[in-house]
Number of protein chains: 2
Amino acid sequence: MNKFYDIYLDLKCKIEKYEYTTGSLLPSEKLLSEKYGVSRETTRKALALLLENGYIQKKQGKGSIVLDIQRFNFPVSGLTSFKELQQSQNIENETIVLKNKREKIPEFLAETLNLPTNTEAVSLVRLRKISGEVIIIDKDILLANIVDAVPSEAAEDSLYDYLEGTLGLNISYAKKVFVVESATPEDRAMMHLPEDSYVVVVKSEVYLEDTRLFQYTESRHRLDRFKFVEFARRKNSLI
Amino acid sequence: MNKFYDIYLDLKCKIEKYEYTTGSLLPSEKLLSEKYGVSRETTRKALALLLENGYIQKKQGKGSIVLDIQRFNFPVSGLTSFKELQQSQNIENETIVLKNKREKIPEFLAETLNLPTNTEAVSLVRLRKISGEVIIIDKDILLANIVDAVPSEAAEDSLYDYLEGTLGLNISYAKKVFVVESATPEDRAMMHLPEDSYVVVVKSEVYLEDTRLFQYTESRHRLDRFKFVEFARRKNSLI
DNA sequence: AAGTGGTCTAGACCACCTG
DNA sequence: AGGTGGTCTAGACCACTTC
């Protein structure tokens, strides 16, 4: 659809296939523009995407250096779902839906998100298994004014495919907080944890394109299986 | 220096001061361009920064919606240092340098980073105190071919100020991995942890603008004081 | 239909790096 | 000096939203 995006995909693909070798320079912006038959600004938009996603490093006066993909190949950043995450790693996994019902939002949520206490929502609890073991408990609360109900197949398969594909929601951004908390009796039972154990909890508030909050999620992870990888660029300290 | 950056700062400032109220629309790109006396593309670069940092949400055909800053005010993402982090939160803190000496890099590092086993580096160990309690142990390994030595004042104050300011290094990007590990005897002693306890470990490989690896860091955090906040945008699923 | 943001262009000038 | 990326422009056309 977009020229710059197609160029991005083409270059990304070639870098992944090592057609452009690690440490070498991409062709100059001028050359790329001629090759793809676009203006330089369009080429630059494609390069900006490569930069942002850790494929290249640009240097003024020199060029665009190709980075080692191996080293940054699984950024779990962004708003990646469990489904996408597992697919990208080819691991056998299973989801068990423990709860899927409509009810009022819990009080702590009404407070932290400044919502009326009688707000209705779809409340989901799902166990995430990898190789037969429960590693994550996902607790989702989807505001009912946006999501009326979730078919159980969607909850088992991919919630986001349903929300974005079937319902046509434009999920746009989120605030995530990572903390470590004491395991609840439920955590201990479901993940077979001993007394006095802890879980990593990733709490997310998820917003739509029109800035409406529509989902609150707690992803409760077994400590020993938790891993979060991020590619980060140094922000200008003035920002 | 850059027009688009100045415009970004101006708009950011006004949003933070609620001169543009939450939920309202910014002036159109056309209007902003006229107001600042720049082309529309320049205005759009400023807006792209606001978007990326969670200040606005754009909608085609509609405009740029101002988001609630309160809700996203402390993104600890990017490559933020302990110093910057504490300053931004006005917390009394102290750094104790336990070790600052030149030596060969440890073997596990030589393996994972594919470096010769006799690579020389400056090895730092620092305790980070907040309100008198040790909350973080920072272990830094700075490759000696880039950083010859670190003055102890720099280690106590801000390592990054020294590296970027005094040495003029251009720190550019990093790969970070968050995991939870069993506390070592050293962790337990320094942070007064019981037997069988855990710490959150943030492992970073930090690279310069010319793509040279120059630093490996392990930031070992007390579980109960660890918190990581992130503003994340949904990546196009095609990426 | 009018206004908004999204994409793209062709060209300009500047800052930086390398011979 | 010549090539590279960084910034900026003035204008064009398109897609989407709202009236």
Side-chain angles (χ1 to χ4, degrees), chain A residues 1-11 20 23-52 55-67 168-170 172-173 208-212 233-234 236 238-239, chain B residues 1-11 20 23-52 55-67 168-170 172-173 208-212 233-234 236 238-239:
Chain A
M1 171 105 76
N2 295 335
K3 291 186 184 179
F4 76 89
Y5 193 68
D6 289 342
I7 297 171
Y8 162 70
L9 288 180
D10 190 49
L11 291 172
Y20 293 119
S24 69
L25 293 176
L26 286 185
S28 73
E29 296 180 349
K30 188 164 168 292
L31 266 175
L32 287 172
S33 306
E34 287 164 5
K35 182 183 161 195
Y36 289 105
V38 298
S39 73
R40 198 177 139 220
E41 284 289 5
T42 299
T43 300
R44 284 176 57 74
K45 280 184 188 168
L47 296 182
L49 283 178
L50 291 173
L51 187 76
E52 183 186 327
Y55 288 93
I56 61 170
Q57 175 63 20
K58 300 184 85 173
K59 187 81 199 287
Q60 192 172 22
K62 200 169 177 206
S64 298
I65 309 166
V66 178
L67 299 185
L169 295 179
N170 288 315
S172 193
Y173 58 96
L208 299 176
E209 194 184 24
D210 60 11
T211 76
R212 281 183 299 170
R233 289 203 167 268
R234 176 90 168 137
N236 189 320
L238 302 171
I239 292 186
Chain B
M1 170 102 79
N2 295 336
K3 290 186 185 180
F4 76 89
Y5 194 68
D6 290 342
I7 296 171
Y8 163 68
L9 289 180
D10 190 48
L11 291 172
Y20 294 119
S24 69
L25 295 175
L26 286 185
S28 73
E29 297 180 348
K30 187 164 169 292
L31 266 174
L32 287 172
S33 305
E34 286 163 7
K35 182 184 161 195
Y36 289 107
V38 298
S39 72
R40 196 174 142 222
E41 284 289 4
T42 300
T43 300
R44 284 176 56 75
K45 280 184 189 169
L47 295 182
L49 284 178
L50 291 174
L51 186 77
E52 184 186 326
Y55 288 93
I56 61 170
Q57 176 62 20
K58 300 184 86 175
K59 187 82 198 289
Q60 190 170 24
K62 199 168 177 203
S64 298
I65 308 167
V66 178
L67 298 185
L169 295 178
N170 288 314
S172 192
Y173 59 96
L208 299 176
E209 194 184 24
D210 60 11
T211 75
R212 280 183 300 171
R233 288 203 168 268
R234 175 90 169 139
N236 188 322
L238 301 170
I239 291 184

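Letters A, B, ... mirror the listed sequences (proteins, then strands); counts begin at 1.
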Worksheet entry | Residue whose closest nucleotide on DNA chain C lies nearer the 5' end, A/Lys59 versus A/Arg40 | A/Arg40

Practice prompt. With DNA chain C as reference, determine whether B/Gln60 or B/Glu209 sits nearer its 5' end, using the nearest nucleotide of each.
Written response: B/Gln60

Worksheet item: What is the 5' to 3' range of DNA chain D, first to last nucleotide, that sits under 4.0 Å from any heavy atom of chain B?
Response: D/dT7 to D/dT18

Item to complete: Verify whether one side chain among A/Gln57 and A/Ser64 offers a donor that lies under 3.5 Å from an acceptor in the other.
Response: no

Practice prompt. Report the distance from atom CG of B/Leu67 to atom OH of B/Tyr55, rounding to the nearest 0.5 Å.
Written response: 11.0 Å

Worksheet entry | Length of the line joining B/Gln57:CD and C/dT4:C1', which is rounded to integer Å | 15 Å

Worksheet entry | Nearest-0.5 Å distance that lies between atom OG1 in A/Thr211 and atom CD1 in B/Ile65 | 4.5 Å

Discussion item. Applying side-chain contact (heavy atoms from CB on, under 4.5 Å) to A/Val66 and A/Leu25, what does each step give before you reach the verdict?
Written reply: CA-CA 6 Å; A/Val66 178; A/Leu25 293 176; over 6 Å; no

Discussion item. Expressed as a whole number of angstroms, how long is the span from B/Arg44:CZ to C/dG5:P?
Written reply: 8 Å

Practice prompt. Nearest 0.5 Å please: distance from the CZ atom of A/Arg212 over to the CG atom of A/Leu169.
Written response: 8.0 Å

Worksheet entry | Whole-Å gap separating C1' (C/dC16) and CD1 (A/Ile65) | 13 Å

Fill in: Atom NZ of A/Lys30 with >12 non-hydrogen neighbours under 6.0 angstrom
no

Fill in: Euclidean distance, A/Asp10 CG relative to A/Tyr8 OH, rounded to 0.5 Å
12.0 Å

Worksheet item: Among residues 26-33 of chain A, which residues get a heavy atom nearer than 4.0 Å to DNA chain D?
Response: A/Ser28, A/Glu29

For residues 41-51 of chain B, which side-chain donor-acceptor pairs fall under 3.5 Å, sequence neighbours excluded?
residue : atom : partner : partner atom : Å
B/Thr42 : OG1  : B/Ser39 : OG           : 3.3
B/Thr43 : OG1  : B/Ser33 : OG           : 2.8
B/Thr43 : OG1  : B/Ser39 : O            : 3.4
B/Arg44 : NH1  : B/Glu29 : OE1          : 3.4
B/Arg44 : NH1  : B/Glu29 : OE2          : 3.0

